[in-house]
Structure formats: structure tokens, C-alpha cells
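Numbering of ligands and ligand atoms starts at 1, following listing order.
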Amino acid sequence: MKYYIKTFGCQMNFNDSERIRGILQSMGYEPAESWEKADLILINTCTIREKPDQKVYSHLGEYKKIKEKNPKALIGVCGCLAQRMGQELVQKAPMVDIMFSSFNMHRLPELIQQAQGGYKAIALLENPPEDEDKLWEYPTVKDNQFCAYVTVMKGCDKNCTYCVVPKTRGRQRSRSLESILSEVKALVEDGVKEIHLLGQNVTAWGQDLGIPFEELLYQVASIEGVERIRFTTGHPKDLTENIARAMGQITQVCEHLHLPVQAGSSRILKLMDRGYTKEEYFEKIDMLKHYVKGITFSTDIIVGFPTETEEDFEQTLDVLKRVRFEQVFSFKYSPRPDTPAYFMEGQATDEVKTQRMTRLLNIQKEILSEIAKAYKNTEQEVLIEGFEKGKLVGRTRTNRWVNLEGDESLLGKIVKVRVIESKPFSMEGELLEILA
Ligand code: SAH
Ligand code: SF4
Ligand code: F3S
């Protein structure tokens, strides 16, 4: 039996798919080369904006053709859109045989059995079930041998007024320290060098366990073989001085942080219920720079939030110019049903959103080309992750891609390179030394 998984959305959704692969492979399923050759097609969905919703429906339209060739083939939908839409999705898409969410991935074996028996296996729950930790008993199946995601918490207790995640993923639940550390140990024994801790609001990990997040960083770092640590997504409000200090002290924590600002205007931030002002965001950036020498940042921005004026938007541009992010993920505000911002007055037109987005991208392009120039002739530590177009590729500690000449013997090695060419999205390096 063969499976095919199509994943949309964030890194947590990708890690969920890696776990689902583990579940399926433990049942004897093997990966299919393409969806046409699969006995089970799963779409792990995202519903953060309207666009990902539409993509799911168009993929379902395509995948339903499988049933003409292979009438026993099953189609499943899981993830955030499944959780948000519930039964309504099955009505819209009658070809769906299996449906579940991130709450009950561990029940997939039962659901497949039910669907094979000719029943619709629709299992959507209001809240996460008591046995959801069973999920961690399954391994993940990953494509990247050297860098691994480790989900450390589920859900989110913030209430950003534009966001569906608290509804689709439920309340914040921290995974136990013991469970996290045992997965990290298993991963490094398998050859993983870089551990990327994941949570929608990862810096809040431990609040429900009475353990501060920095303790998790120290514990992960103490495991022999962990060469690099990253974590995503940190929320500015939960990023304490103790966390910043730990990031500076722990040599494995990389000098890069994704710290979504969302908007520059404090008035808009308040309407978004982000819990910080523009000035407070700058204070966090300065604190991080103080403790973590050479740290670089990336961010998420929403343009065209309800009531955003020209002046408000200028504030967002000001944040870009002052922080000089190495990467900016910008999104047009997309009204999501049942979120507070959906009902706000002053919704922007698509024209305004597009125009602001273009201006933002142009400014960021300039900033990025200056940043890229500054990398030229510097020495960087790179973890070699694989090959691309005949060249080795890896990332610097500051999260930039580097290509260099070399052979397989360098895979999984941390090397020192000199940057000989630097473009906005990639750099060329020459090997100086193998470090680890
Ligand atoms: N937990 C993370 C982000 C999760 S969603 C955090 O708090 O930063 C990823 C990004 O999608 C968000 O940072 C935000 O920029 C964007 N996003 C979320 N809801 C959105 C919406 N309704 N419209 C447009 N962008 C949205
Ligand atoms: Fe959504 Fe805000 Fe939670 Fe991020 S912190 S997942 S944007 S509610
Ligand atoms: Fe999308 Fe769900 Fe992630 S809505 S961004 S897949 S948490």
C-alpha cells in the first residue's frame, strides 16, 4: 500500500506530516512517487488565509480522479481547514473518505480501517482528547537528514484578532520535557545536527508546566551531538531577558530569530491585540542584540489590516528600515470567518493592500541587497544539508543559504567558508576548514 501526502501551511504542519508519515510507515505503508500511484492521498491543510483554503479545494478536485483508476483508493483531509470547516467540508467535497485534525492524528490507523470498511471516517473533536500524547510514540519520517523539527507545544493562547490558529489548534499545551528530550536524543543518534524547536508561540513553552522556556534550551543543548538549535515562532511578548541571555550563553543557539512584528503602528498592534507597542518591539530587538552578538532577524508582516491608514503603514516601513530584517514574510490581510477582525469596520480594498505590499517589497529588496553585500568576504559557519544543482548547500548560523563546491564526504558537516559572492537569496562560498 502506498501513500501520498500534500502539505500546506506552516512548519508545524510540515512536522505533523512527518509524524503522519511515521504512523503510516509503521502500518506498512510506503511512500508513492506521485498521487496517481497512491492508495491513500492525504491533504494536510492550512486555513490561515483565504488563498490556502482555495488551494485545498482545487487539489481535491484533481485528486478525486484517482478513484476512476483505483476505486479502493482513499482520500483524506486533515489539519487546520478540516478542523475549522468540519462537516461542511465533506458536504462541499464528497470525495473525502477520511477527515481528522491535529488533535487526533494518532488515531489515523483506526480511521483508515473504518474507511476501508466502506464508512466515512470523519473524526473531528471540539477539544484535544486526553490521549493526544500517544502521538509522540510514533517517529517522524523526514527528508532532511541533518536538520530536524521537533514540535514542543501545540495550540496557542494568544488572541490575535485576525488569526484562526487558536480555533484550529486549540489551547496552548506544552509537550513534556522528558518526551522532547527523548525525541532529540533519538534524532542525534540518527545523525541529526540541528534541532529546530517548534510551536505557534514557542517562547510560551513551559508556562503550563511551571518551567521557563530557557530551561528547555539549556536541556536540549546539554544533549551530546546537538550542534545547532533554532526555535520558531517566538512571540515578542513572551521573549524575556532570561531567554535572550540563554540564547547568548548557549553556543549551539544560532544567531537568528524569527520574531513576527505584524505591523509598525502601535494603534494597529493594539487592534490586533498583539500585546506590545512599536517601541516595545524595538526594545526586544535591542535586548536580543545586546545578549546575542551578531544576531539577525526575520519577521512576518500583515498589510491592510482594518482601518490601517497611510500613516500607520509608514510605521511598518519604518520598522523594516530600522530593524533591517534578513527575511520578511508579508501577507495581505485576509478576513477569517469568526475572528474579531472580520467584523471590524474599515476593511481595506484589495487595491490598497496590493499597493502597500508592492511598496513594502521594494523597500525590503533594497535593504536585502545591502545586507547581501555586507556578507561578501566574511567567514561563516555552514551546516551542509544536501546537494542542489551539483553543488553542496547549507545554511549559515544566521539562516542564509550558501552553495559551495565539494563532494558527499561533507554532507552533515559543519564547515567554515569564506563568502566569495553574495546575492539577496543565496551566496557562494569557498571551503576553509571542516569544524565538526
Ligand atoms: N504564531 C505565529 C504565526 C502564525 S501564522 C505568530 O504569532 O507570529 C503565520 C503568519 O500568518 C502570521 O505571523 C501572520 O503574519 C500571518 N497571518 C495570520 N493570520 C492572517 C490573516 N488573517 N491575514 C493575513 N495574514 C495572516
Ligand atoms: Fe495566531 Fe497570534 Fe497565536 Fe500567532 S500568536 S498563532 S498570530 S493567535
Ligand atoms: Fe496554517 Fe494551521 Fe499552520 S492554519 S499556518 S497550518 S497552524
Evaluate side-chain contact (heavy atoms from CB on, under 4.5 Å) for L81 paired with L89, printing each intermediate quantity in order. CA-CA 8 Å; L81 182 69; L89 196 149; 3.8 Å; yes
Do R336 and ligand 1 have an N or O pair less than 3.5 Å apart? no
Which protein heavy atom lies closest to atom 15 (O) of ligand 1, and at what distance to 0.1 Å? Q262 OE1, 2.7 Å
I need the nearest protein heavy-atom contact for atom 3 (C) of ligand 1: residue, atom name and distance, please. Q200 OE1, 3.9 Å
At the 4.0 Å heavy-atom cut-off, does R169 count as touching ligand 2? no
For E370, I'd like to know if atom CD has over 12 heavy atoms of other residues, nucleotides or ligands within 6.0 Å. yes
What are the two closest heavy atoms between L111 and A123, and how far apart are they? CD2-CB, 3.7 Å
Quick one: are T240 and R245 in side-chain contact, heavy atoms under 4.5 Å? no
Looking only at protein heavy atoms, which one is nearest to atom 5 (S) of ligand 1, and what is the separation? I48 CD1, 3.5 Å
Which residue and atom name correspond to the protein heavy atom nearest atom 9 (C) of ligand 1, and how close is it? D300 OD2, 3.7 Å
Given that the side chain starts at C-beta and the backbone is N, CA, C, O, which of these parts of F331 lies under 4.0 Å from ligand 1, counting heavy atoms, or is it both or neither? side chain
For ligand 2, which atoms, with element, lie under 4.0 Å from some heavy atom of H235? 5 (S)
Please state which protein non-hydrogen atom is closest to atom 7 (O) of ligand 1 and give its distance, to 0.1 Å? R274 NH1, 3.4 Å
Just jot down the side-chain contact (heavy atoms from CB on, under 4.5 Å) partners of S266, sequence neighbours excluded, or say none. T277, K278, E279
Please verify whether a non-hydrogen atom of I302 lies at under 4.0 Å from ligand 1. yes
Of all protein heavy atoms, the one nearest atom 24 (C) of ligand 1 is K332 O, 3.4 Å
How long is the span from the CD atom in E241 to the NE2 atom in H290, to the nearest 0.5 Å? 7.5 Å
Quick check on Y342: does its OH atom have over 12 non-hydrogen neighbours (other residues, nucleotides or ligands) under 6.0 Å away? no
Please name the pair of heavy atoms, one in M95 and one in L60, separated by the smallest distance, quoted to 0.1 Å. CE-O, 3.8 Å
Nearest non-hydrogen protein atom, atom 8 (O) of ligand 1: P260 CG, 3.0 Å
Polar protein atoms (N, O or S) that approach atom 3 (Fe) of ligand 3 to under 2.8 Å: C10 SG
Min N/O separation S334 to ligand 1 under 3.5 Å: yes
For T354, is there any backbone N or O sitting under 3.5 Å from a side-chain donor or acceptor partner on R356? no
Side chains of R175 and S179: donor-acceptor distance under 3.5 Å anywhere? yes
Taking distance alone, with N or O pairs closer than 3.5 Å, would you say R49 contacts ligand 1? yes
Pairs where residues 246-258 contributes a residue and the test salt bridge (charged side-chain N to carboxylate O under 4.0 Å, His left out) is met, not counting sequence neighbours: E255-R397
Donor-acceptor side-chain pairing of S174 and D208 below 3.5 angstrom: yes
When you measure from the side chain of T203 to the backbone of H235, do you find a donor-acceptor pair of N or O atoms at a distance under 3.5 Å? yes
With atom 1 (Fe) of ligand 2 as the centre, enumerate protein N/O/S atoms below 2.8 Å in chain and residue order. C163 SG
Min heavy-atom dist N201 to ligand 1 below 4.0 Å: no
Does any N/O atom on Y333 come nearer than 3.5 Å to any N/O atom on ligand 1? no
Is any side-chain N of the basic residue among D39 and K72 closer than 4.0 Å to the acidic one's carboxylate O? no
Looking only at protein heavy atoms, what sits closest to atom 6 (C) of ligand 1 is T233 CG2, 3.9 Å
Would you say T161 and L271 make side-chain contact, with heavy atoms under 4.5 Å? no
Return yes when atom NZ of K332 has more than 12 non-hydrogen atoms of other residues, nucleotides or ligands closer than 6.0 Å, and no otherwise. yes
Would you kindly say whether Y3 and Q25 are connected by a side-chain donor-acceptor distance under 3.5 Å? yes
Other residues, nucleotides, ligands: >12 heavy atoms within 6.0 Å of Y119 OH: no
